[in-house]
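A, B, ... follow the sequence lines: proteins, then strands. Residue 1 opens every chain.
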2 protein chains.
Amino acid sequence: MNIIISNRSDLPLFKQIENEIKTAIFNNELNEQDLLPSVRSLASDLNISFLTVKRAYDNLEKEGFIKTIQGKGSFVAPKNMELIKEEKLKEIEKHIEQIYKISKISGITETEIKEIFKIIFEEEK
Amino acid sequence: MNIIISNRSDLPLFKQIENEIKTAIFNNELNEQDLLPSVRSLASDLNISFLTVKRAYDNLEKEGFIKTIQGKGSFVAPKNMELIKEEKLKEIEKHIEQIYKISKISGITETEIKEIFKIIFEEEK
DNA sequence: CTAACTGTTATACATATAATATAACAGTTA
DNA sequence: TAACTGTTATATTATATGTATAACAGTTAG
């Protein structure tokens, strides 16, 4: 698994780590019961404090993505991804509703929005 | 013009003020050359520091929405529809970037998103 | 001209978040 | 027991947000 973080990101380091691990889980680069890097080894690899990594892991555990056992390490949790996917779909719905409202009062057309959509989704492929 | 701010918002006060004034300009509640409330009077109305209002006004001036003259006050800048449209396009871009990030970590496909997009944009017609 | 408005600037302070550094403590396993 | 795991506590730094106060400067109505 490759985790890359950046100081220049708009997101805090711990959040970047969370997102990268979530992505790895969803992309099956990490699977159920897989052992994650230890807080200290990952911190060392990324040249950051282990407390920052721990914070990311704590958040991931609260959200149900991983399970941590003292002395053993952190493991990818049994998948209950459908529930999480539903929540993410709701988030996306809210963003699209916002876009709809903006477009309605600004005269920006559906075509223009689709164009932006296409650019962002193809830019990083 | 009505400006409403909230401590419970996720946005800082100065940003909320910026957004409300931009919206008012866009909706023609504020027009070219209109005088905005003075930093001190608005601060007093909102029960916040005048420095917070000044910060919002400074940002609005940097972005070209208003023009401030010492001793006189702040005025709505000559309308630049392109500027406003650019602003709204940027907002939409941010939403789509958010959607992109969510999709990346949740395995939600572009097709699924387009489906939601279609539903929301056609539902409310 | 002066008073009463405008905006400007500087300094200090308070709080929250993010991230670090260090040290000590506790569980697991070869 | 050694060498890994994670946990906890304390202190420190930096940055963002917001406040408080005071002094300074431009504009304008009386």
> What's the closest nucleotide to the B:Leu51 side chain, out of C:dG7, C:dA18, C:dT9?
Replying inline: C:dT9
>> Please determine whether a side-chain nitrogen of the Lys or Arg among A:Glu112 and B:Lys88 lies less than 4.0 Å from a carboxylate oxygen of the Asp or Glu.
In response: no
>> Just the rounded figure in Å: distance from P of D:dG18 to CD1 of B:Ile17.
In response: 9 Å
>> Check this for me: does any side-chain nitrogen of one of A:Lys90 and A:Glu93 sit under 4.0 Å from a carboxylate oxygen of the other?
In response: no
> Would you say a side-chain N or O of B:Thr52 is under 4.0 Å from OP1 or OP2 of D:dT19?
Replying inline: yes
>> Tell me the interatomic distance from B:Lys62, atom NZ, to C:dT8, atom P, rounded to whole angstroms.
In response: 12 Å
>> Please pick, from C:dT8, D:dG6, C:dT29, the nucleotide with the shortest atom-to-atom distance to any side-chain atom of B:Phe50.
In response: C:dT8
>> In whole Å, I'd like the distance from the CD atom of B:Gln70 to the C1' atom of D:dT27.
In response: 9 Å
> Is any side-chain N or O of B:Arg40 under 3.5 Å from a base N or O of C:dT8, one able to act as donor and the other as acceptor?
Replying inline: yes
> Which nucleotide sits closest to the side chain of B:Phe14: D:dT7, C:dT9, D:dT17?
Replying inline: D:dT17
> Just one of A:Leu60, A:Leu30, A:Asn59 clears the side-chain contact (heavy atoms from CB on, under 4.5 Å) bar with A:Phe65, so which one?
Replying inline: A:Leu60
> Do A:Lys62 and A:Asp58 sit within salt-bridge range, that is, some charged N less than 4.0 Å from a carboxylate O?
Replying inline: no
> What is the base-pairing partner of C:dT28, counting Watson-Crick and G-U wobble geometry with both distances under 3.5 Å?
Replying inline: D:dA3
>> By nearest heavy atom, map B:Lys15 and B:Ile69 onto DNA chain D; which one lands nearer the 5' end?
In response: B:Lys15
> Is any side-chain heavy atom of B:Ile96 less than 4.5 Å from a side-chain heavy atom of A:Ile113?
Replying inline: yes
>> With a 4.0 Å limit, can you tell me whether A:Ser49 has a side-chain N or O closer than that to the phosphate oxygens OP1/OP2 of C:dA19?
In response: no
>> Only pairs with both distances under 3.5 Å count, Watson-Crick or wobble alike; so what is the partner of D:dT19 in this structure?
In response: C:dA12
>> Among C:dG7, C:dT20, C:dT8, which nucleotide has an atom closest to any side-chain atom of B:Asp58?
In response: C:dT8
>> Looking only at the side chain of B:Pro12 (C-beta and beyond, no hydrogens), which of the listed nucleotides C:dA19, D:dT5, D:dG18 gets closest?
In response: D:dG18
> A:Leu35 CG to D:dC4 P: how many Å, rounded?
Replying inline: 15 Å
>> I need the CG-P distance between B:Leu11 and D:dA16, as an integer number of Å.
In response: 16 Å
> Which whole-number value in Å describes the distance from A:Ile66 CD1 to D:dG6 C1'?
Replying inline: 11 Å
>> I want to confirm an ordering. Mapping A:Ile48 and B:Ser74 to their closest nucleotides on DNA chain C, which one lands closer to the 5' end?
In response: B:Ser74
>> What is the separation between atom NZ on A:Lys54 and atom C1' on D:dT5, rounded to the nearest whole Å?
In response: 12 Å
>> With side chain to side chain contact (heavy atoms under 4.5 Å, CB included) as the criterion, how do A:Ile17 and A:Ile48 come out once you've worked through the C-alpha distance, each side chain's angles and the decisive distance to 0.1 Å?
In response: CA-CA 11 Å; A:Ile17 294 168; A:Ile48 60 176; 3.8 Å; yes
>> Please tell me if B:Lys72 has a side-chain N or O lying less than 4.0 Å from either OP1 or OP2 of D:dT28.
In response: yes
> Want to settle it: does A:Val39 or B:Gly71 sit nearer the 5' end of DNA chain D, counting the closest nucleotide to each?
Replying inline: A:Val39
> Within this structure, what is the CG-to-P distance between A:Asn59 and C:dA19, rounded to whole angstrom?
Replying inline: 11 Å
>> By nearest atom, which of the nucleotides D:dT19, C:dG7, D:dT17 is closest to the B:Arg55 side chain?
In response: D:dT17
